[in-house]
Amino acid sequence: MLEASDKTAERLRDNWQSVTGEIFEACHAAGREAGEVQIVGVSKYVGPELAWQLGQAGCEILAENRPQLLWDKAEYFAQQAVEMDSPLASDTHSGREGTSIPQWHLIGHLQRNKLRRTLPLISLLHSLDSPRLAEAISADGESQNTKHCVLLEVNVTQDASKTGMAIEAVRRLLDRADELPGLEIRGLMAMSSLQASPEGARREFEQVRELRDQLQREYAGHVNLPELSMGMSGDFREAIAAGATLVRIGTKLWQGIL
Ligand SMILES: *Cc1c(COP(=O)(O)O)cnc(C)c1O
């Protein structure tokens, strides 16, 4: 794997420019405002130094799919922050451009024995995938006097090879949302099927959006579901056309580096 250098920093600034440009165009094509879609930079392919450089290039939200790798990078970021005496992510108003510390999201499975250490490091969990995990996260939130923000990972195509909850399981969880005070359910996360064509991916993403709209009506007053995390390097255009608010981009940001 390539080492971080001035060259990689420059390449990442270019990549960031071109990805934000493409997202902007996808929003325009879908008749949406660019500000409605946030880019989550997926850093699982690289080490902490390169992830840090992506943050310096302008990416404000980074994500990992494994808790352990997130811990390592978050620790490195905290050290960098101390060295730079730079504002922390929670302190967004004092940041000179390019020097604020990105937030972390977790986009892969969170084991219950890892949540204590992971939750303080992240601002959003995209991949809540079971009622037991929901209970454990809510209990942690209650004990800390806070609410942990999560998305429910849903498998709308009932594809056995895909992760995520079936629609009935999502409903059963939302039925109990009032009993989970340490949890703030913010929306849904989904992946398209591996073998899906662009049209197929778009249909799947539209199913997710329709499900969200329907759940929002059914559970109005109990939960707010503004966020839709869908779309990766290969299908973000289809996801944005279908209403994504968070796109999880990995490969495309690391072009020329991996
Ligand atoms: C790796 C990963 C991504 C990014 O995928 P790319 O195709 O590299 O953009 C998005 N979401 C999840 C859950 C991932 O694990």
Q. K44 and E64: salt bridge (Lys or Arg N to Asp or Glu O under 4.0 Å), yes or no, with the steps?
A. CA-CA 5 Å; K44 67 187 180 192; E64 285 287 322; over 6 Å; no
**Q.** Derivation of the salt bridge (Lys or Arg N to Asp or Glu O under 4.0 Å) call for R132 and E135
**A.** CA-CA 5 Å; R132 290 174 79 197; E135 281 160 20; over 6 Å; no
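Within the structure, salt bridge (charged side-chain N to carboxylate O under 4.0 Å, His left out) contacts touching residues 187-202 (residues at least two apart or in different chains) are R202-E206. Sorted by first then second residue, the ring pair (Phe, Tyr, Trp, His ring centres under 6.0 Å) pairs that include residues 119-172, not counting sequence neighbours, are H105-H126. For residues 204-224, no pair satisfies ring pair (Phe, Tyr, Trp, His ring centres under 6.0 Å), with sequence neighbours left out.
Annotation: side chain of L124 is in contact with side chain of L246 (closest heavy-atom distance under 4.5 Å). For the pair N155 and M165, the minimum side-chain heavy-atom distance is 4.5 Å or more. Side chains of T8 and E49 form no contact here, defined as non-hydrogen atoms less than 4.5 Å apart. Between V40 and L62 there is no side-chain heavy-atom pair separated by less than 4.5 Å. L151 has its side chain out of reach of L128: every pair of non-hydrogen atoms, C-beta onward, lies at least 4.5 Å apart.
Between W52 and Y76, the ring planes lie perpendicular to each other; the angle is over 60°, past the 30° to 60° tilted range.
Every residue two or more places apart in sequence or in another chain that forms a side-chain hydrogen bond (donor to acceptor under 3.5 Å, both in side chains) with E36 is listed here: R32. R66 is linked by a salt bridge (charged side-chain N to carboxylate O under 4.0 Å, His left out) to nothing, counting only residues two or more places apart in sequence or in another chain. Remark: R11 pairs with N15 by the side-chain hydrogen bond (donor to acceptor under 3.5 Å, both in side chains) rule, at least two apart or across chains.
Judged by distance alone, the side chain of S5 and the main-chain N or O of K7 form a donor-acceptor pair under 3.5 Å.
Within a 6.0 Å radius of CD in Q38, other residues, nucleotides and ligands contribute 12 heavy atoms or fewer.
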